[in-house]
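First the structure, in the form of structure tokens, and then the observations on it.
When a residue number appears, it is its place in the shown sequence, counting from 1.
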Amino acid sequence: MTANMHAFANGAELAGKLADKVAETLSAAVAARGSASIAVSGGSTPKAFFQALSSRSLDWGKVTITLVDERFVPADNPRSNHLLVQENLLKDKAAAATFLPLYQAAASVEEAAVIATEKTRAVGHPFDVAILGMGNDGHTASFFPGGSNLQTALDPNTPRGIITMEAEGAGEPRLTFTFSSLQDARLLVLHIEGEGKKDVLAKAEASGEETEMPIRAMLRRAASPVEIYWAP
């Protein structure tokens, strides 16, 4: 499937335009159904976008926010995606939104995945918006090349929900929504910045196995074209 590229002069312009598009999509969902949902990625890239989105005017009290993936670390850990969202998105107007974290204070990451799956069922599917990132190795969400549950994560027949992932270079064990949970989002965005990421994207769009560069699964098999937002 062909993705749609949206290129911007810089990260600030991208953040503002993406915030506008996401706010528009969430507002339309609230108007149509009385609620809206968004799953967002972590890392340093989305900070400016989160801050821009938090200031947009919409009925945030009817919006549920969750994460595409998370490290198995407490919310106050500096590497936590929860902390990133709390400090940059769940403020200003967006403070009224409901947030459903993936990390659970469980005895194991496997138990946390079961609990998180149950708690996030309230979101409903598909997501109105899912924002993905991409690593230099072509991973997205926590779909890492060589990951412990990669085949399960990418299998379209795997039930919607959250599974665990461990991989060399991933650091802590991860909690991640499955491909089946994300691929049919009404607005599916890949947010990347930097010339290096554009090169990684070009490689991902070429022929090759999905397990080598898992972002290929989204680019090839998502229900609708991925909207790529890129800035140098």
Quiz item: Between the side chain of Glu70 and the main-chain N/O of Leu102, is any donor-acceptor distance below 3.5 Å?
Solution: no

Quiz item: Nearest 0.5 Å, what's the OG1-CG distance between Thr178 and Asp155?
Solution: 9.5 Å

Practice problem: In plain terms, say whether Glu212 and Arg216 are close enough for a salt bridge, that is, a side-chain N and a carboxylate O under 4.0 Å apart. | Solution: yes

Quiz prompt | Nearest-0.5 Å distance that lies between atom CG in Leu154 and atom CD in Gln183 | solution = 12.0 Å

Quiz item: Counting distance only, does the side-chain N/O of Thr158 pair as donor-acceptor with the main-chain N or O of Ala153 below 3.5 Å?
Solution: no

Quiz item: Between the main-chain N or O of Thr152 and the side-chain N or O of Asn149, is there a donor-acceptor pair closer than 3.5 Å?
Solution: no

Quiz item: Any side-chain heavy atom of His191 within less than 4.5 Å of one from Leu14?
Solution: yes

Self-check item: Charged tip of Lys197 within 45° of Trp230 ring normal and under 6.0 Å
Solution: no

Practice problem: Identify the heavy atoms of Pro46 and Ser41 that sit nearest to each other, and give their distance. | Solution: CG-O, 3.7 Å

Quiz item: With no hydrogens and no angle check, is any side-chain donor or acceptor of Glu193 less than 3.5 Å from a backbone partner on Pro232?
Solution: no

Quiz item: When Ile65 is tested against each of Leu53, Leu90, Val123 for side chain to side chain contact (heavy atoms under 4.5 Å, CB included), which residue passes?
Solution: Leu90

Quiz item: Where is the tightest heavy-atom contact between Ala185 and Ala130, given as atom of each residue plus distance?
Solution: CB-CB, 3.7 Å

Exercise. Kindly compute the distance separating CG (Leu58) from OG (Ser27), expressed to the nearest 0.5 Å.
Key: 4.0 Å

Quiz item: Donor-acceptor pair, Ser142 side chain versus Met165 backbone, under 3.5 Å?
Solution: no

Practice problem: Kindly indicate whether the side chain of Arg221, heavy atoms from C-beta on, has any atom under 4.5 Å from the side chain of Glu210. | Solution: yes

Practice problem: Over all heavy atoms of both residues, which pair between Asn81 and Asp69 is shortest? Give the atoms and the distance, please. | Solution: ND2-O, 3.0 Å

Quiz item: Within 45° of the six-membered ring axis of Phe72 and under 6.0 Å from that ring's centre, is NZ or CZ of Arg174 located there?
Solution: no

Self-check item: Centroid-centroid distance, His82 to Tyr103, less than 6.0 Å
Solution: no

Quiz item: Would Val40 and Ile215 show up in the same hydrophobic cluster when neighbours are defined by side-chain heavy atoms closer than 4.5 Å?
Solution: yes

Quiz item: Just checking, any donor-acceptor pair under 3.5 angstrom between side chains of Lys119 and Gln104?
Solution: yes

Quiz item: Same cluster for Phe99 and Val73 if Ile/Leu/Val/Met/Phe/Trp/Tyr side chains link at under 4.5 Å?
Solution: no

Practice problem: Evaluate the criterion side-chain contact (heavy atoms from CB on, under 4.5 Å) for residue pair Val226 and Val189; output intermediate values, then yes/no. | Solution: CA-CA 6 Å; Val226 177; Val189 174; over 6 Å; no

Self-check item: Worked verdict on Leu188 versus Leu132 for side-chain contact (heavy atoms from CB on, under 4.5 Å)
Solution: CA-CA 8 Å; Leu188 181 59; Leu132 302 173; 3.9 Å; yes

Quiz item: Do NZ/NE/NH1/NH2 and the carboxylate oxygens of Lys198 and Glu195 come within less than 4.0 Å?
Solution: no

Quiz item: Looking at Leu67 and Ala39, what are the two nearest heavy atoms and their distance?
Solution: C-CB, 4.3 Å

Practice problem: Mark yes or no for whether Asp92, through its side chain, and Ala94, through its backbone, hold a donor-acceptor pair below 3.5 Å. | Solution: no

Quiz item: Taking side chain as C-beta onward, heavy atoms only, is Leu83 less than 4.5 Å from Asp76?
Solution: no

Quiz item: Should Leu175 and Ile163 be counted in the same cluster of Ile, Leu, Val, Met, Phe, Trp and Tyr side chains packed under 4.5 Å apart?
Solution: no

Quiz item: Nearest 0.5 Å, what's the CG-NZ distance between Asn88 and Lys47?
Solution: 6.0 Å

Practice problem: Please lay out, stage by stage, how Gln51 and Lys91 fare under the test side-chain contact (heavy atoms from CB on, under 4.5 Å). | Solution: CA-CA 8 Å; Gln51 292 165 4; Lys91 61 179 191 175; 3.9 Å; yes

Self-check item: Test item: Phe144 and Leu150 side chains (from C-beta on) under 4.5 Å apart, heavy atoms
Solution: no

Quiz item: Given side chains that start at C-beta, do those of Leu26 and Val30 come closer than 4.5 Å, heavy atoms only?
Solution: no

Exercise. Please answer whether the main-chain N or O of Glu166 pairs with a side-chain N or O of Ser148 as donor and acceptor at a distance below 3.5 Å.
Key: yes

Exercise. Using the salt bridge (charged side-chain N to carboxylate O under 4.0 Å, His left out) rule, collect all pairs that involve residues 57-67, keeping only residues at least two apart or in two chains.
Key: Asp59-Lys62

Practice problem: Evaluate the criterion side-chain contact (heavy atoms from CB on, under 4.5 Å) for residue pair Arg56 and Asp20; output intermediate values, then yes/no. | Solution: CA-CA 8 Å; Arg56 296 303 189 265; Asp20 289 343; 2.8 Å; yes

Exercise. May I ask you to check whether Asn157 and Ser180 show a side-chain donor-acceptor distance below 3.5 Å?
Key: no

Quiz item: Which value, rounded to the nearest 0.5 Å, describes the distance between Glu172 atom CD and Ser80 atom OG?
Solution: 10.0 Å

Quiz item: Can you get from Val114 to Val109 by hopping between Ile, Leu, Val, Met, Phe, Trp and Tyr side chains that sit under 4.5 Å apart?
Solution: no

Quiz item: If you look at every heavy atom in Ala3 and Pro225, which pair is closest and at what distance?
Solution: CA-CB, 4.4 Å

Self-check item: Centroid-centroid under 6.0 Å between Phe127 and Phe177 rings
Solution: yes

Self-check item: Crowding at NZ, Lys17 (>12 non-hydrogen neighbours, <6.0 Å)
Solution: no

Quiz item: Same cluster or not: are Leu182 and Met134 linked, directly or through other Ile, Leu, Val, Met, Phe, Trp or Tyr residues, by side-chain heavy atoms under 4.5 angstrom apart?
Solution: yes

Quiz item: Is there side-chain contact between Asp128 and Leu187, with at least one heavy-atom pair below 4.5 Å?
Solution: no

Quiz item: For Ala112 and Ala106, which heavy atoms make the closest approach, and how far apart are they?
Solution: N-CB, 3.6 Å

Self-check item: Spacing of CG belonging to Leu190 relative to CG belonging to Leu201, to within rounding of 0.5 Å
Solution: 6.5 Å

Exercise. Answer yes or no: is there a side-chain heavy-atom contact under 4.5 Å between Phe179 and Ser181?
Key: no

Quiz prompt | Contact check, side chains of Thr176 and Ile162, non-hydrogen atoms, under 4.5 Å | solution = no

Quiz item: Do Arg160 and Asp184 meet the salt-bridge criterion of a basic N to acidic O distance under 4.0 Å?
Solution: yes

